[in-house]
Amino acid sequence: MFMCNPCEVGQSEVKILALSPEDAGRLYGLANWSLQPIQTQQDAYTQDGLTKLAEALQETFQVMEASRVYAPHVIPASAIVADTAILKERIRLGEDVSLYRNRDAPVDGVFIQPGDAFAMSAAGCPVIIAVAGKKMIVAHAGRDSLIERAAVMGASARKHLSVVDAIIDAFRKQGTRAVEISMHMYFSIPTRSFEHRFDHPQYGAYNRALAAFVDDRWEDCMVRETNESVFLSLEAVFVEQARQAGVRDLLATLSLDECLGLAHTRDEKDPRRRNLILVKRNT
């Protein structure tokens, strides 16, 4: 478990909570924190009441004093930032807590108002908190959100190469310049765990293209120990992307080699395990 209360990002104050699969098992008898099973109101209930996962989420959100929690559909790594109105499916977890989702609208980040929270289940994909004046965006920032997979292979298909660009553009549309934005990243997979082998039987071609793509755009974002692979730093990619775009207040911290116990897909355990990441905006 990791908890930061409070943390300051720009002019705003947040509470950040990260719970591991072991926390899920110890506290609630769950295998992990995957949010996939809860997409609609019906998913949250059995004939006897809340499901075990829904009850665990309800209690966790209540501890964080979050009555409205937004959990966008981040799996597609869309590099899209939207208003919370797009999360139209309200899932009531008891009387005082509601989870908002929309599995038909791939979104990485949303604007978060004071008193509200952002949630995602993750296993090495970091979260970005971005603040500009009185506005805040919280976003999933996995590798394919930071670096469009199709673009790496020479066939870009989405508006923004990176979710960092999408965040900056969303603020720009509201009259904010990049230099006025504060961006913090938390809970990235450790660089030394994130190896991309060039001889991988399925992903070798992509891994070679990725290394060349990153080398061409963002300096010092990979570690090379041999000519057979690279170790990708999502923190360094995030910092360099934001710096090149004009953001000056930047922080990448608390990678998962610092937050022991939190799961990631390269930790040699069940890759289906997921942490719960929760960001509650106080001010």
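Computation of the quantities below employed the complete heavy-atom set of this structure, encompassing side-chain atoms and omitting hydrogens, waters and symmetry-equivalent molecules. As the structure is a prediction and not an experimental result, all values here were calculated from the model.
Taking the charged nitrogens against the carboxylate oxygens, Lys159 and Asp169 do have a contact shorter than 4.0 Å, which makes a salt bridge. With salt bridges taken as basic N to acidic carboxylate O contacts below 4.0 Å, one links Asp267 and Arg273. Using a 4.0 Å cut-off between charged nitrogen and carboxylate oxygen, Glu55 and Lys52 do not count as a salt-bridge pair. Salt-bridge formation is not detected for the pair Glu89/Arg103: no Lys NZ or Arg NE/NH1/NH2 atom is positioned less than 4.0 Å from an Asp or Glu carboxylate oxygen.
Remark: the backbone N or O of Ala56 is paired with a side-chain donor or acceptor of Thr60 at under 3.5 angstrom. The closest donor-acceptor contact from the side chain of Gln244 to the backbone of Arg217 lies under 3.5 Å. With Glu258 contributing its side chain and Thr253 its backbone, the two residues share no donor-acceptor pair below 3.5 Å. Looking at Asp23, its side chain does come within 3.5 Å of a backbone N or O of Met1 through a donor-acceptor pair. Within the 3.5 Å criterion, the main-chain N or O of Phe171 finds no donor-acceptor partner in the side chain of Gln174. Checked by atom type and distance alone, the side chain of Trp33 pairs as donor or acceptor with a backbone atom of Ser20 at under 3.5 Å. The closest donor-acceptor contact from the side chain of Asp144 to the backbone of Arg149 lies at 3.5 Å or more, if one exists at all. With Arg274 contributing its side chain and Leu35 its backbone, the two residues share no donor-acceptor pair below 3.5 Å.
To the nearest 0.5 Å, atoms CD (Glu195) and CG (Leu232) are separated by 11.5 Å. Note that CZ of Phe61 and OG of Ser98 are 10.5 Å apart. Values are rounded to the nearest 0.5 Å. One distance of note links NZ of Lys134 with CD of Gln113; it measures 11.5 Å at 0.5 Å rounding. Rounded to the nearest 0.5 Å, atoms CG (Asn227) and CG (Asp199) are 12.0 Å apart. Here CD of Gln41 is found 7.5 Å from CG of Leu93. Values are rounded to the nearest 0.5 Å. Atom CG of Asn32 is separated from atom CD of Gln36 by 10.5 Å, given to the nearest 0.5 angstrom.
The minimum heavy-atom distance between Thr191 and Ser233, with the atom names listed, is OG1-CB, 3.3 Å. What you find for Ala54 and Ala44 is that their closest heavy atoms are CB-O, 3.4 Å. Summarising the geometry of Ala77 relative to Arg158, their closest heavy-atom pair is O-NH1, 2.7 Å, with the distance given to 0.1 Å. The heavy-atom pair separating Arg281 from Ser12 by the smallest distance is NH2-OG, 3.5 Å. What you find for Ala79 and Asp108 is that their closest heavy atoms are N-OD2, 2.8 Å. Scanning all heavy atoms of the two residues, the minimum distance from His200 to Tyr203 falls at ND1-N, 3.0 Å.
Annotation: cation-pi geometry not satisfied between Arg68 and Tyr100 (NZ/CZ under 6.0 angstrom from ring centroid, within 45° of ring axis).
Taking 4.5 Å as the limit, some side-chain heavy atom of Leu161 sits within range of a side-chain heavy atom of Phe213. No side-chain heavy atom of Phe118 sits less than 4.5 Å from a side-chain heavy atom of Val69. Leu146 places a side-chain heavy atom less than 4.5 Å from the side chain of Val163. Side-chain contact check for Phe198 versus Tyr206: every heavy-atom pair is 4.5 Å or farther apart. Here the side chains of Arg266 and Ile189 are in contact, with some heavy-atom distance below 4.5 Å. By the 4.5 Å heavy-atom criterion applied to side chains, Met222 and Phe231 are not counted as neighbours. Here the side chains of Phe187 and Phe2 are in contact, with some heavy-atom distance below 4.5 Å. By the 4.5 Å heavy-atom criterion applied to side chains, Val279 and Ile129 are counted as neighbours.
Residues Met3 and Leu57 share a single hydrophobic cluster, defined by chaining ILVMFWY side chains whose heavy atoms lie under 4.5 Å apart.
Exactly one residue among Ile168, Val131, Asp249, Leu250 makes a side chain to side chain contact (heavy atoms under 4.5 Å, CB included) with Ile181. That residue is Ile168. With Asn275 as the partner, the side chain to side chain contact (heavy atoms under 4.5 Å, CB included) test is satisfied by one option alone out of Cys125, Ser34, Pro21, Ser121: Pro21.
Dense packing is recorded around CG of Asp216, with more than 12 heavy atoms of other residues, nucleotides or ligands lying under 6.0 Å away. In the displayed structure, Arg26 atom CZ is contacted under 6.0 Å by more than 12 heavy atoms of other residues, nucleotides or ligands. Within a 6.0 Å radius of CD in Gln11, other residues, nucleotides and ligands contribute 12 heavy atoms or fewer. Counting non-hydrogen atoms of other residues, nucleotides and ligands closer than 6.0 Å to CZ of Arg272 gives a total of 12 or fewer. No more than 12 heavy atoms of other residues, nucleotides or ligands sit less than 6.0 Å from atom CD of Glu8. No more than 12 heavy atoms of other residues, nucleotides or ligands shown are found within 6.0 angstrom of CD on Glu219.
The closest side-chain donor-acceptor pair between Gln241 and Ser162 falls under 3.5 angstrom. Side-chain N/O atoms of Asp96 and Ser67 include no donor and acceptor closer than 3.5 Å.
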Subject >> Arg224 and Asp215: CA distance, side-chain angles, deciding distance, salt bridge (charged side-chain N to carboxylate O under 4.0 Å, His left out) verdict >> reply: CA-CA 11 Å; Arg224 282 184 170 87; Asp215 259 344; 2.7 Å; yes

Subject >> Step-by-step salt bridge (charged side-chain N to carboxylate O under 4.0 Å, His left out) determination, Lys15 to Glu65 >> reply: CA-CA 10 Å; Lys15 289 193 290 187; Glu65 300 179 307; 3.4 Å; yes

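Relative orientation of the His196 and Phe194 rings is perpendicular, given thresholds of 30° and 60° on the angle between their planes.
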